Amino acid sequence: MTLRPLALALALALAGCTPAGGPDTAVPAAPAVTAEQAAARAAQLQQLYADFWEASLALNPLQATFVGDPRYNDQLPDFFSAEFRAKESAFARDWLGRAQAIGSDGLQGQDLLSYQIFVRDLESEIEGERFPDWQQPLNQFYNLTGLFAQLGSGTGAQPFATVQDYDNWLARAGNFPQLMQTMQANMREGMASGVVQPKVLMQKVIPQIDALIKDKPEDTLFWRPVANFPEGTSEADKARLTEAYRTLIADQLMPAYRELRRFVAEEYLPACRDTVSLSALPDGEAWYAYRVRQSTTTDLSPAQIHDIGLAEVARIHGEMDAVMQQVGFTGSRAEFFTFVTSDKQFEFESEEALLVAYRALEAKVNERVDELFSLTPRAPFEIRPVEAFRAQSAAGGSYMPPSQDGSRPGIFYVNTYDLPTRKTWDAEALYLHEAIPGHHFQIALQQELEGLPAFRRFGGETAFIEGWGLYAESLGKELGVYTDPYQYFGRLQAELWRAIRLVVDTGLHSKGWTREQVIDYMKANSATSDTEAVSETERYIAIAGQALAYKVGELKIQELRDRAEAELGDNFDIRGFHAEVLQDGSVPLAVLEAKIDRWIASKKPPSP
């Protein structure tokens, strides 16, 4: 999201600041808003937010499925079409206008915060319409074909618990071929206008599609629900659904995948570009600047972020050198990187050993969580391996939020692909980030904040969300982990990785760095494998700007904790600080800073 003057004004307002002005600059005071008028306006807006959320779920049925609302599980609109894009644009402008017509006069606290975030989100969405993402909707990182297979396999958000669920998927999946046709038409428009993906990314898409194409329906991921009918399904329904799924897969889904595969290999890939920078596209520099503002919720320029990254890389290298001394390693830092990435002692013996280690880590962290947190989610939590069909291009770990009705837990997906590259020293930091107290605490808790409107409970700012995840990694020693110096090295490596992202993302998209330069920089400055360096570099190419959010957000949260500890001294309460950070859900960083400053002021003892 973009941090415009509106959000800065909000930060000042929430901090209790008032603009100064002399007699010559004074303007007539607006009529005072009574408490009753403010309450009425807040109630109007609460109803508007509720109506907006209902309308947004109807417009975007997949969003409803992912938050656990089953009402639209049979629907899949042609959201690549020009008609749907026009509908989305009109939708944003309509709801923005409705909110602005009510206005914010007299609002305070959460009511004011919700209004400002609502307006800001829609303004940012409208601003982004300038950039034709729809002309390049497919890449190796965000690949609808893989997401669709995950849904249809029964391992994702789409439920397969009742006969109605099975019929819902038949209806939804029947629209998939049309969606693929429209996506290809949009990509052809991109070919004509010069908005195409880098060739190096699309070369990775072809094997991803190949992994989903099978000659027999029974061999596809889409057959898994048929092979695992829920207990109590009648024999008649089993027979009917088995035949229907066989027809769906053989006559609709596999032909759609095969045609997409042919299109990418024979038409699109030859037209793809050799460049990798977003700024190489038409209007690309403005496009990247927009992405940076959205990702970080700041007005930092790419050049400023690049310099912050270089400084953080140097600082973390210094801490790594101290770990090398602690373990008695006498070689260079580069030699230490080689040692920790190649020595067999840092490898898991099997996928099962990896999963056992993570589950033991869950139990260990849970023993100390109450020391740092008074506010924790009710939602259950599971650890699962990443499915094989998407593992090659997936991150080392990821988190799927729970459903709002509690039927689906929060899930920490850990990647077991290329097992020797999944290092034992990486486990503790990765778990703290993706699971507890990282994403599971923040995202699941946010969804449970029933006093907030739904657009805040199920939305969020990447800089806050990922900043919290990275900050959570820093809590390891307080939670009883990082007792092994190599695990603490893993924490530093994870932090270093996010600092490197500031350097290489801006390097790629604003300084003309090549893919090879980025890979070389990563390998020279961190303990990374070839597999990870390549997949991460190509991730930054695919989703420009997103990787900047982690370190920018973490630096702000750590800065605010340091400020609170310095100003409050013995009155500082870590449980209270964490509750204050989390209790309003994800917010822009300027808003977070303002509310922490108010919290600090409220905790200071009165002056004698």
Side-chain angles (χ1 to χ4, degrees), residues 49-96 98 121-122 124-126 128-129 131-139 142-154 156-160 164-190 195 209 212 221-222 225 244-245 247-249 251-257 259-260 263 400-401 403-404 408 454-455 458-459:
Y49 302 147
D51 294 343
F52 164 83
W53 184 249
E54 286 295 307
S56 68
L57 295 182
L59 181 66
N60 297 292
L62 283 178
Q63 180 186 15
T65 298
F66 276 99
V67 302
D69 187 328
R71 290 175 294 168
Y72 308 103
N73 284 350
D74 61 337
Q75 297 179 27
L76 184 68
D78 188 2
F79 51 77
F80 287 132
S81 68
E83 294 78 11
F84 189 84
R85 293 197 305 276
K87 186 183 295 186
E88 283 188 311
S89 178
F91 182 88
R93 286 168 168 77
D94 175 40
W95 287 98
L96 176 61
R98 294 192 202 188
D121 285 355
L122 289 176
S124 183
E125 184 177 331
I126 292 166
E129 291 174 4
F131 307 110
D133 282 302
W134 57 273
Q135 292 185 4
Q136 46 175 17
L138 183 65
N139 61 50
Y142 285 138
N143 186 332
L144 179 64
T145 61
L147 172 64
F148 194 74
Q150 189 179 19
L151 287 171
S153 70
Q158 185 90 19
F160 288 91
Q164 184 61 57
D165 288 339
Y166 279 73
D167 284 326
N168 285 342
W169 177 251
L170 283 173
R172 170 170 277 178
N175 294 322
F176 182 72
Q178 177 59 51
L179 192 63
M180 291 298 95
Q181 291 176 22
T182 308
M183 182 170 73
Q184 292 168 55
N186 289 352
M187 293 167 75
R188 288 189 178 98
E189 287 194 50
V195 179
I209 300 174
L212 299 171
L221 291 170
F222 298 103
Y245 272 61
T247 301
L248 168 74
I249 297 166
D251 295 349
Q252 293 183 268
L253 299 187
M254 288 302 104
Y257 277 102
E259 170 54 24
L260 177 65
F263 166 75
M400 177 182 285
S403 59
Q404 62 178 341
R408 186 183 71 245
F455 80 88
F458 297 103

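Nothing fancy with the numbering, it's 1 onward along the sequence. What's counted below: heavy atoms across the whole structure, side chains too, no hydrogens, waters or symmetry copies. Remember, it's a predicted structure, so these values are computed and weren't measured experimentally.
Within the model, atoms CH2 of Trp134 and CD of Glu189 stand 4.0 Å from one another, a figure rounded to the nearest 0.5 Å. Distance CG/Leu248 to CG/Leu253: 4.0 Å, rounded to 0.5 Å. Note that CD of Glu54 and CG of Asp69 are 7.0 Å apart. Values are rounded to the nearest 0.5 Å. The OH atom of Tyr245 sits 8.0 Å away from the CH2 atom of Trp169 when rounded to the nearest 0.5 Å. Remark: Glu125 CD to Leu96 CG distance equals 10.0 Å, nearest 0.5 Å. The distance from atom CD of Gln158 to atom CG of Asn168, rounded to the nearest 0.5 Å, is 7.0 Å.
Contact check for Pro61 versus Pro77: side-chain heavy atoms found under the 4.5 Å cut-off. Under the 4.5 Å side-chain criterion, counting only non-hydrogen atoms from C-beta, Val195 is not in contact with Asp133. Between Gln178 and Leu76 there is no side-chain heavy-atom pair separated by less than 4.5 Å. Within the 4.5 Å cutoff, side-chain heavy atoms of Phe80 are placed close to those of Asn186. With contacts defined as side-chain heavy-atom distances shorter than 4.5 Å, the pair Ile209/Leu260 qualifies. Within the 4.5 Å cutoff, the side chain of Phe458 has no heavy atoms near those of the Pro401 side chain. Residues Asn60 and Phe84 are in side-chain contact: their nearest non-hydrogen atoms beyond the backbone lie under 4.5 Å apart. Taking 4.5 Å as the limit, every side-chain heavy atom of Glu129 sits out of range of all side-chain heavy atoms of Glu88.
Distance alone, capped at 3.5 Å, is enough to place a donor-acceptor pair between the Arg172 side chain and the Tyr72 backbone. Arg85 places no side-chain N or O within 3.5 Å of a backbone atom of Phe79 that could act as its donor or acceptor partner. A donor-acceptor pair is defined here as one N or O able to donate and one able to accept, closer than 3.5 Å; no such pair exists between the side chain of Arg188 and the backbone of Met183. Using modelled atom types, no side-chain atom of Ser124 and backbone atom of Asp121 make a donor-acceptor pair closer than 3.5 Å. With Arg71 contributing its side chain and Leu57 its backbone, the two residues share no donor-acceptor pair below 3.5 Å.
Residues forming a ring-ring contact (aromatic ring centres under 6.0 Å, His included) with Phe176 (at least two apart in sequence, or on another chain): Phe148, Tyr257.
For the 3.5 Å distance criterion, the side chains of Arg93 and Ser89 qualify, holding a donor opposite an acceptor.
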task = Take Glu259 and Gln184 through the test side-chain contact (heavy atoms from CB on, under 4.5 Å) and record every step on the way to the result.
result = CA-CA 10 Å; Glu259 170 54 24; Gln184 292 168 55; 3.5 Å; yes

request  = With side-chain contact (heavy atoms from CB on, under 4.5 Å) as the test, would you mind laying out the steps for Asn73 and Gln164 before giving the verdict?
outcome  = CA-CA 10 Å; Asn73 284 350; Gln164 184 61 57; over 6 Å; no

task = Report the C-alpha distance between Asp94 and Phe52 in whole Å, list the side-chain angles of each, state the deciding distance to 0.1 Å, and finish with yes or no for side-chain contact (heavy atoms from CB on, under 4.5 Å).
result = CA-CA 10 Å; Asp94 175 40; Phe52 164 83; over 6 Å; no

request  = Let me see the working for Leu62 and Leu151 under side-chain contact (heavy atoms from CB on, under 4.5 Å), right down to the final yes or no.
outcome  = CA-CA 10 Å; Leu62 283 178; Leu151 287 171; 3.9 Å; yes

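Contact between Pro70 and Gly68 at its shortest, heavy atoms only, is CD-O, 3.4 Å.
In this structure, Phe455 has its ring center no closer than 6.0 Å to that of Trp53.
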